[in-house]
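Throughout, residue positions are numbered sequentially from 1 according to the sequence presented.
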Amino acid sequence: MNIFFYWDNPANFPNAYSNNIKTAEAVHYDANIELIDAEKAKRICKEFHTDTGIRIDLDIINIPAAKSDIVRLMALYLLSLIHISEPTR
C-alpha cells in the first residue's frame, strides 16, 4: 500500500500534519508512506504530462487542498492505484 502526503515545503508543516504522518506510519506499518514536496510534485506533473498529454501548472493553483488533491491524483494515476481520502484531524 502507498500513502501520499503533500506539502509544498515540509520544513514548514504544522504539528497536526506531522501527527497525521506519524499516525499513518503506526496504523499502516507495512505501507510505503511518501511525503511529496513541491519539487517532487513538479516531477510528477512532468511525468503525468508525458503519459497523458495533459499539462497541469501547479503554480497557478492557490488553494492548498486543491493542489494537494491534484498532485495525489496524478501520483495515483501514474501508479494505477485507488484513492482513499481521510480528513485531516
Does the side chain of Thr52 reach to within under 4.5 Å of the side chain of His49, using non-hydrogen atoms?
-> no
Neighbour count above 12 (heavy atom, 6.0 Å) for Asn32 CG = yes
State which residues pass side chain to side chain contact (heavy atoms under 4.5 Å, CB included) with Pro10; sequence neighbours excluded, sorted by chain then number.
-> Phe13, Leu35, Asp37
Under 3.5 Å donor-acceptor, Thr23 side chain and Asn19 backbone = yes
May I ask whether Ile63 and Ile60 are part of the same hydrophobic cluster, defined by side-chain heavy atoms of I, L, V, M, F, W, Y residues being less than 4.5 angstrom apart, directly or through others?
-> no
Taking atom OG of Ser68 and atom CG of Asp8, what is their separation to the nearest 0.5 Å?
-> 9.5 Å
Kindly say whether Ala38 contributes a backbone atom to a donor-acceptor pair with the side chain of Tyr6 at under 3.5 angstrom?
-> no
Closest heavy-atom pair, Lys67 versus Ile61, reported as atoms and distance to 0.1 Å, is CE-O, 3.3 Å
Which pair of heavy atoms, one from Ile44 and one from Met74, lies closest together, and at what distance?
-> CG2-CB, 3.8 Å
In Å, rounded to the nearest 0.5 Å, how long is the span from OH of Tyr77 to CD1 of Ile54?
-> 7.5 Å
Should we say atom CD of Glu47 is surrounded by more than 12 heavy atoms from elsewhere, each under 6.0 Å from it?
-> no
Do Phe5 and Ile36 come close enough that some side-chain heavy atom pair is under 4.5 Å?
-> no
Could you check if a side-chain atom of Val71 sits within less than 4.5 angstrom of a side-chain atom of Phe4, using non-hydrogen atoms only?
-> no
Distance in Å, Leu58 CG paired with Lys42 NZ, rounded so as to fall on 0.5 Å steps | 8.5 Å
One should read off an interatomic distance between Asn20 CG and Asn15 CG, to the nearest 0.5 angstrom, of 11.0 Å
At what distance, to the nearest 0.5 angstrom, does CD of Glu34 lie from CD1 of Ile3?
-> 11.5 Å
Asn12 side chain near Asn9 side chain, heavy-atom distance below 4.5 Å | yes
Should Ile33 and Met1 be counted in the same cluster of Ile, Leu, Val, Met, Phe, Trp and Tyr side chains packed under 4.5 Å apart?
-> yes
